Amino acid sequence: MIPQPEYTRVVAPSSHVRSNAGEITLNGEWRFQLLNCGSTRGDGSITVPSHWVLPANSGRGNPIYTNLVYPIPLDPPSVPDNNPTAEYERSVEVPADWFGTGRVFLRTEGIESHAEVWVNGTRAGSRLGSRLVHELDVSDLVVPGRNSVRILVRQWSIGTYLEDQDQWWLPGIFRDVTLRHRPEGCIDDVWVRTSFDPETGSGTLHPDIRAESVAWPIRLEIAALGVDATFADPSQVHTIKIPSVLPWSDESPALYEVTLTSSGESVAFATGFRSVTVKNGVLRANGRPLNIRGVNRHEIHSERGRVFDEASARADLELMKRHNVNAIRTAHSPPHPRLLDLADELGLWVMLECDLETHGFELAHWEGNPSDDPAWRQHFMDRIERTVERDKNHPSIFSWSLGNESGEGSNLAAMAAWVKHRDPDRLVHYESDHRAEYTEIYSRMYPALEEIEAFLADNGPIAVSHHPASHVTEAEAARARTLPYLMVEYLHAMGTGPGGAADYQRLVESNERMAGGFVWEWRDHALKTTTQDGRPYLAYGGDFGEVVHDGTFIADGLVSADGFVSSGLLDWAQSVAPVRSSWENGAIHVSSDLRHTTTESLKIVWRIERDGVAQADGVLALESIPPSSGRRLAATSELSSAVSDASRGTSGENWLTLEIRHGATAPAWLTGALIHRSQAPLNQYVSDPSGSERGEVRASETKRTEQTEPDLVVGPTLVDPANGGLLRIGTVPVNDLGLIAWRAPTDNDRGHGPIDYLHAAPEATLGAGSGLRGPSSADRWQDAGLNRLVSSSVGSTLSDFSASAHTRWGAAGSAAAIDCVRSWTQIDANTARLDVRISPRGTWDTFWPRVGLHLALPNLLWDVEWFGLGPQESYPDMRSGAFLSRHQRPMNELVDPQVHPQEAGHRSDLRDLALSSPSTETIVRIRRVHGDLGFSLRAWSPQELDLAAHPHELPTPTHAHLILDLAMHGLGSRSCGPDVRPPYQLRPRELSATIDFSIS
């Protein structure tokens, strides 16, 4: 028997409205006891809102992280007898003038997961739905003056089975608690539905007002639009047409203040006029195609958990806008209501998701899934009704999402039907409705590019064979193709990565039926805690002794738990930029994919650099370019002259950089933020067609390589002639660890997902790859012994002007190997040249993670200056955000903060590199002469990184590990999506490079 939800008031009214009626916050200190199976522990006080398990290890239990598996036995509706239960109690003074003039309600915005409420010793009722608003009518229980409120919160309940979201389980009263006076003649609820007609520029108001008869007449005003209407009674409420309004959009979030006045109350809130429709399979906002540049956002903070802080939330959303984000999916539940006010104000489209997920039933092949069990119907309806009714007045919300990963079933269909009846102006979304029976946006998680292209075709399959969506009928596929296609989750941003953003964006821009997507996800969920000896660190699943958990899967954000912007976010932001520029034939070409506004508020910042050093710069005002169009802008005389001078340059690389940035008319927090960057070469300079800027090396100009048994002096370097290893550069000793073909696996390298492209190319499999889970790339690399290669000397030669050594690198038990030939030549007393050639030997049944030379330098805090891509890290499929220039960073800032140590910090397209330290007089200089080259510099070797589960577990550094990479494998998204695509794969092949080593 499934217990039905209990409530005194079926649905709480909107949180969006501000009222002049009385309200008392119950936030603050409460008396607290943690009860467990009849025993009492944790006496004292607690701040509301909060989670009693935070901070962790405080004696009140600990957080639990699971993605899919339930942390309790899968036995609905039962929950364990050992059920952490907390008792909260406090007093509140209720004004005497609240009595005899209306009703009093106790409103709770969020409690995980079940609560019972007592007022003055009498049970008032209970609540379910952790992230949902709930009101109890306590009018008959409160008295003038001092009142007692007691709330008993249980961590596990029947609601737990509906809240298996990918996040921490964090019990407690974590959102606001208020006591609300509803005076006689008040407005019980109001909904002002709005629409915008893009043809005429007019707006329409559809008021929906609930109030008792004594409240009428009710006056509605929008002063800025000259709207002033008084409705004598409910039958007189009518639609109001306004000839001219400014529409609301993400680009121009125009808001209007609405005021309603009844006999007993005045309420106010902001509204905006916009229309969201689907026409010919295209998602449209205000008549124009809507391109979702979105992120999935959980309500999470590394210390507070799901406790809301408005300043932090505002900063979060402003950070999104500064990185070209225009939409949020509230994964996987309604956020704190104030977040939606901020989205309205700042301009972010919102897909608002219901507090529903039953993902753990997938492990039981969906047997017993509540989504298709009529006994659970009222729970499902209760959740969607409270979701919609709380937030219905927000113009930013374009879609209601029924929930996440709850399988299929009649209860979901019933939810969709209710939503469309209640709110016909917004779209219904549910990703697992693969037959498109009741949703209005067809969405998928982590699709391959070819799979999306198949959907966009006129007929044929709409999904890869291993996905449930492939089992639809031809008619169902045809129906799905009438809907916009949305990547509701894509680009799993776990660890270093994700890779492939630019490829997805090219596909989005190729077809208007592609509505865009929401990256998974915005912020890491890691929680701050300390080791036993007091060292702080960021924790993930398993760090709190969970019986079952999903490990590092919680750390998958474009932004770190501490708010650090990752290289992945910079790459994505550049890839999706809505306004772009390029230099073509002596002019600037600007293309705008803005849909509702022109570009005159933007500016172009230009810069000319030679070998990464600025030679000239300037700023151009950007003309007014209409939405979804482009324009050729003539260069100013200053820019033309600078380009002409640089184009005639015969030394160095001359590059023009163009940056589209927000101008001075933008809000202060947005002014100057980068939208897009492009670069164009201005000369045909080649660094060294013959191998050196100095020309061919000739015997008459070059000092003979000196042999000092058993080592060789080659210019400023000391070399081991037996293996070609570097022993010293100037005065800097080097521990040459030779060839390296291993990287500490990234979280995506460790992914076992079925979209595996080693043996099944995406072009031949509709993007499906192997279609089978595992082994991961990391598994294959380890099985191939790439982390334990040892060298064998094949041979070496020494002549008057060169030294060459041939080594073979292989792993015990493996016939496959890598041949490495290193040849040294002295250019002059200050420069040694290394030619390195790599070739595979035998059969390699795997990608290579990387191929490079591993040099262990002294354990110093090196300062690094390089000419190449930067300043952030870059990889073959994550390099759009990096740009060519001369960059500088200390060694300890070359790697984005990591929750789980792994490969990171690689910079590609290296031209030259300089390493200096106050501890050494020698500046080590490394210059690429020929071939591709990248580098990384870290205090730990890849093997040391691979063995550590957390940064604090890394050993005390003994060296600075410099790796000069000839090639690097891409990143992909296989922790939850597709493998590295073919253009970015490092398949075993011959590689070569020429590198100069010098000192100054």
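Residues take their numbers from the sequence shown, with the count starting at 1. Keep in mind it's a predicted model, so treat the numbers as computed, not measured.
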- Item | Charged N-O contact under 4.0 Å between R974 and D756 | yes
- Item | Exercise: identify the closest heavy-atom pair between D877 and G972 | OD2-N, 2.9 Å
- Any L954 side-chain heavy atom under 4.5 Å of L945 side chain: yes
- Around atom CG of D819, are there more than 12 heavy atoms of other residues, nucleotides or ligands at under 6.0 Å? yes
- Item | Heavy-atom pair with the smallest gap, counting every atom of A744 and P942 | CB-O, 3.5 Å
- Please step through side-chain contact (heavy atoms from CB on, under 4.5 Å) for the pair E865 and L913, ending with a clear verdict. CA-CA 6 Å; E865 178 185 300; L913 171 70; over 6 Å; no
- Query: Out of D747, T746, N748, D749, which residue meets the side chain to side chain donor-acceptor pair (under 3.5 Å) rule with Q902?
  - Reply: D747
- How about S678 and S582: does a side-chain donor come under 3.5 Å of a side-chain acceptor? no
- P983 backbone acceptor or donor facing R981 side chain under 3.5 Å: no
- Item | Side-chain donor or acceptor of S814 paired with backbone N/O of A816 under 3.5 Å | yes
- Minimum-distance pair of heavy atoms, taken over all atoms of S880 and A502: OG-CB, 3.8 Å
- Message: I'd like to know if the side chain of H752 and the backbone of R750 have a donor-acceptor N/O pair within less than 3.5 Å.
- Response: yes
- Exam field: side chain T717 to backbone V719, donor-acceptor pair closer than 3.5 Å: no
- Query: Between the side chains of T831 and S998, is a donor N or O closer than 3.5 angstrom to an acceptor N or O?
  - Reply: no
- Message: Once you measure the plane-to-plane angle for Y490 and Y504, does it fall in the parallel (<30°), tilted (30-60°) or perpendicular (>60°) bin?
- Response: perpendicular
- Item | Side chain proximity check, P681 to N683, heavy atoms < 4.5 angstrom | no
- Query: Is it true that a side-chain atom of H969 and a backbone atom of L986 form a donor plus acceptor pair closer than 3.5 Å?
  - Reply: yes
- Query: Any salt bridge between D720 and R822, counting N to O under 4.0 Å?
  - Reply: no
- Message: Set out, in order, the CA-CA distance, both residues' side-chain angles and the distance that settles side-chain contact (heavy atoms from CB on, under 4.5 Å) for Y446 and W520, then state yes or no.
- Response: CA-CA 9 Å; Y446 311 103; W520 190 267; 3.1 Å; yes
- Go through V836 and L991 one step at a time and tell me if the side-chain contact (heavy atoms from CB on, under 4.5 Å) criterion holds. CA-CA 8 Å; V836 56; L991 299 162; over 6 Å; no
- Ring centre gap for H492 and F553 strictly below 6.0 Å: yes
- Task: Could you tell me whether R928 and D996 have a side-chain N and a carboxylate O separated by less than 4.0 Å?
- Result: no
- Any luck finding a side-chain donor-acceptor pair between T807 and W809 under 3.5 Å? yes
- Item | Other residues, nucleotides, ligands: >12 heavy atoms within 6.0 Å of L947 CG | yes
- Ignoring hydrogens and angles, tell me if any N or O in the side chain of S804 forms a donor-acceptor pair with the backbone of S796 under 3.5 Å. no
- Would you check if L737 and L855 make a side-chain contact, meaning some heavy-atom pair closer than 4.5 Å? no
- Check whether any side-chain heavy atom of P957 lies under 4.5 Å from a side-chain heavy atom of R938, and answer yes or no. no
- Task: Could you tell me whether the side chain of S647 and the main chain of L682 form a donor-acceptor pair under 3.5 Å?
- Result: yes
- Under 3.5 Å side-chain donor-acceptor pair for Y984 and D979: no
- Task: Please indicate whether R808 has more than 12 foreign heavy atoms, meaning atoms of other residues, nucleotides or ligands, lying under 6.0 Å from its CZ.
- Result: yes
- Note on the structure: H854 meets the ring pair (Phe, Tyr, Trp, His ring centres under 6.0 Å) criterion, sequence neighbours left out, with H961
- Task: Rounded to the nearest 0.5 Å, what's the gap from CH2 on W844 to CZ on R987? Could you check?
- Result: 14.5 Å
- Among R925, R886, R927, which residue meets the salt bridge (Lys or Arg N to Asp or Glu O under 4.0 Å) test with D912? R886
- Query: Should W572 and L491 be marked as a side-chain contact (heavy atoms from CB on, under 4.5 Å) after you check the CA-CA gap, both sets of side-chain angles, and the distance that decides it?
  - Reply: CA-CA 9 Å; W572 180 85; L491 294 173; 3.8 Å; yes
- Message: Under a 4.0 Å threshold between the charged nitrogen and the carboxylate oxygen, would R889 count as salt-bridged to D863?
- Response: no
- Message: Could you work out, with side-chain hydrogen bond (donor to acceptor under 3.5 Å, both in side chains) as the rule, every residue matching R773, not counting sequence neighbours?
- Response: none
- Item | Working for side-chain hydrogen bond (donor to acceptor under 3.5 Å, both in side chains), residues T994 and D835 | CA-CA 4 Å; T994 302; D835 288 290; 2.5 Å; yes
- Item | Nearest heavy atoms of S776 and G751, plus distance in Å | CB-O, 3.1 Å
- Are the side chain of N830 and the backbone of I999 linked by a donor-acceptor contact shorter than 3.5 Å? yes
- Can you say whether the rings of W866 and H887 are parallel (under 30°), tilted (30 to 60°) or perpendicular (over 60°)? tilted
- Item | Parallel, tilted or perpendicular, as decided by the 30° and 60° cut-offs, for the rings of W824 and F997 | tilted
- Please tell me if the side chains of S793 and H806 come closer than 4.5 Å, counting only heavy atoms from C-beta onward. no
- Item | Test item: V734 and L718 side chains (from C-beta on) under 4.5 Å apart, heavy atoms | no
- Which heavy atom in A803 sits nearest to a heavy atom in L712, and how many Å separate them? CB-CD1, 3.4 Å
- Task: Can you establish whether the number of heavy atoms outside E921 located under 6.0 Å from its atom CD is more than 12?
- Result: no
- Query: Looking only at heavy atoms, which two atoms of S567 and Q872 are closest? And how far apart?
  - Reply: OG-CB, 3.2 Å
- Any P890 side-chain heavy atom under 4.5 Å of W862 side chain: no
- May I ask you to decide if E944's main-chain N or O and S941's side chain share a donor-acceptor pair within less than 3.5 Å? yes
- Task: Could you pull out all residues at least two apart from W742 that satisfy ring pair (Phe, Tyr, Trp, His ring centres under 6.0 Å)?
- Result: none
- Message: Between R907 and E873, does any side-chain N to carboxylate O distance fall below 4.0 Å?
- Response: no
- Task: Applying salt bridge (charged side-chain N to carboxylate O under 4.0 Å, His left out), run through R879 and D909 and close with a yes or a no.
- Result: CA-CA 10 Å; R879 51 184 285 156; D909 281 11; 2.6 Å; yes
- Message: salt bridge (charged side-chain N to carboxylate O under 4.0 Å, His left out), that's the test. Do E653 and R911 meet it? Break it down for me.
- Response: CA-CA 10 Å; E653 294 185 60; R911 271 71 164 170; 2.8 Å; yes
- Query: Does the side chain of R506 come within less than 4.5 Å of L449's, by heavy atoms?
  - Reply: no
- Item | CZ (R841) with more than 12 external heavy atoms under 6.0 Å | no
